[in-house]
Structures are given as structure tokens and as C-alpha cells.
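Heads up: the structure comes next, in C-alpha cells.
In the text below, chain A, chain B and the rest are named by the order of the sequence lines, each starting its count at 1. All values reported here derive from a predicted model rather than from experimental measurement.
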Amino acid sequence: NAGVTQTPKFRILKIGQSMTLQCTQDMNHNYMYWYRQDPGMGLKLIYYSVGAGITDKGEVPNGYNVSRSTTEDFPLRLELAAPSQTSVYFCASSSTGNNSPLHFGNGTRLTVT
Amino acid sequence: GQQVMQIPQYQHVQEGEDFTTYCNSSTTLSNIQWYKQRPGGHPVFLIQLVKSGEVKKQKRLTFQFGEAKKNSSLHITATQTTDVGTYFCRTPPSAGGTSYGKLTFGQGTILTVHP
């Protein structure tokens with residue numbers, strides 16, 4: 001099993017550009033999450049999904065959008081990139097909600113200049 | 001949302017010394033999870049504690065859940081350079097909450113081990 005796969009690993013964007021961070025998991029997990037982690041800081045939840053067709057905002061959703069058309073995929077969309085969105089983005093999944101461990105992807109390091 | 005305070009923020013130790021990080025909550029927790037993130041890596045699940053007063057061990061790591069289920073600790077005995085990284089706790093919303101996605105990570109404790 002590949003687990004949680006994120007692409008790309010690195011990306012540099014200019015201010016105002018848009019991009020989609022891809023995330024896919026092959027564990028048939030219902031729950032998927034997007035976190036951002038700024039240097040030396042903790043993890044902040046951007047969006048999450050409890051199943052296909054259902055998404056909800058986390059702590060820091062502004063500037064981002066998500067969709068969950070399938071169980072496997074949970075892409076994160078940045079429409080108008082801003083320097084404040086420079087961060088490392090982690091996708092994660094879990095089989096259920098509160099009592100399941102998170103399985104993380106390797107992360108996408110995004111720089112907006 | 002629930003406030004979880006993780007301390008200390010940083011810890012520098014000599015190899016062979018012990019290390020402890022704490023997560024403290026203002027409200028009762030239904031469970032708590034611990035994760036480790038190596039420098040440049042992604043968080044990796046270590047363990048989950050559910051019961052009041054629960055103690056679990058993984059080799060040199062000892063995890064405890066307080067009797068009141070408001071605090072938890074991760075203790076490493078005789079640290080090694082491989083223990084370097086950031087240790088996070090993760091807690092669900094208040095008991096009975098339904099915001100399954102809004103589990104909260106502590107701020108993390110960054111551990112440095114000097115050889």
C-alpha cells in the first residue's frame with residue numbers, strides 16, 4: 001500500500017497564481033484532512049472531509065477550497081496565491097473520526113513570491 | 001474549541017538524559033494521541049490513550065494519561081540522537097462533540113539531542 005500520496009513535493013508560485021495540491025489515499029479511509037505547517041510551528045487544520053461529497057472548514061480555510069468527489073482523492077485548491085500561504089501542506093487520512101490515528105502524506109512545500 | 005497547552009516548547013538534552021513533554025487541557029479529554037515528526041518529515045502516529053490513569057510503554061517511551069483525563073505526558077528514557085524531532089499531542093473536541101474533523105494539535109515540543 002502506498003498510503004497517502006501528495007503531489008507535488010515542491011512548488012514555487014508567483015503572487016496571484018493558482019494551483020491544486022493533489023492528495024490520494026489507498027486505505028479506503030472515510031476521513032481526509034488538509035493541514036498547513038509554518039516553520040517551527042504546529043499543524044493548523046485547513047479543511048477536512050468525513051466522506052465523499054462532504055467537506056467542512058477547519059481553523060484556517062480562507063484562501064483555499066477543497067472537493068471530495070471520491071473516497072480516494074481530496075485536492076486542495078489555492079485560487080489567488082499570497083505570500084502568507086507559503087508553508088508546508090500535509091494531507092492526512094483516518095478510518096474514522098475522533099479515535100483513529102492520522103496517516104500523513106510526505107507534504108508539499110509551497111513558496112509564494 | 002478546546003484549548004490544549006503543550007510544554008515545553010523547546011528542550012535541549014545531552015544524549016543519555018531523559019526528556020518529558022506534557023499536554024494540559026482545561027477540560028476533560030475523551031482520548032489523546034501522540035505523534036512524532038522528524039526534521040523535514042511528516043508527523044507519524046505513536047500511540048493513543050483512552051483510559052483514566054492509563055500508562056503505555058514503547059521501548060524507551062512511556063505515555064501517561066492523567067487520572068482526571070485533563071493531562072498527558074510523553075517521557076523518553078536515556079535519549080538517543082534518533083529521538084530528535086517534534087512531539088505533538090492531538091486531542092478531540094469536548095466529550096460528546098461531533099466536530100470529528102476539528103481535533104486539535106498541541107503546539108509541539110521540539111527536542112534536540114546533543115551527542
Exercise for the section: Select one option (side chain, backbone, both, neither) describing which atoms of B:Tyr35 are under 4.5 Å from chain A's heavy atoms. Expected result: side chain
Handout entry: Segment of B:Gln33 engaging chain A (4.5 angstrom heavy-atom cut-off)
Key = side chain
Practice task
Verify, without hydrogens or angle tests, whether B:Arg60 (side chain) and B:Ile76 (backbone) share a donor-acceptor contact under 3.5 angstrom.
Solution key: no
Problem - Per-residue contact mode, A:Thr55 against chain B (heavy atom under 4.5 angstrom) - result: neither
Exercise for the section: Could you name each residue pair satisfying salt bridge (Lys or Arg N to Asp or Glu O under 4.0 Å) that touches residues 7-21 of chain A, not counting sequence neighbours? Expected result: none
Practice task
Measure distances from A:Phe90 to the heavy atoms of chain B and classify the residue's part below 4.5 Å as side chain, backbone, both or neither.
Solution key: side chain
Exercise for the section: May I ask you to name which of A:Ser49, A:Ala92, A:Gly107, A:Ser100 has the most heavy-atom pairs under 4.5 Å with chain B? Expected result: A:Ser100
Practice task
Give, for atom CD of B:Glu17 and atom CG of B:Asp83, the distance between the pair rounded to the nearest 0.5 Å.
Solution key: 12.5 Å
Exercise for the section: Please state whether the side chain, the backbone, both or neither of B:Gln6 comes within less than 4.5 Å of a heavy atom of chain A. Expected result: neither
Handout entry: side chain to side chain contact (heavy atoms under 4.5 Å, CB included) evaluation trace for A:Tyr33 with A:Leu102
Key = CA-CA 9 Å; A:Tyr33 314 78; A:Leu102 294 180; 3.2 Å; yes
Exercise for the section: Check salt bridge (Lys or Arg N to Asp or Glu O under 4.0 Å) between A:Glu79 and all other residues, then give those that pass, not counting sequence neighbours. Expected result: A:Arg77
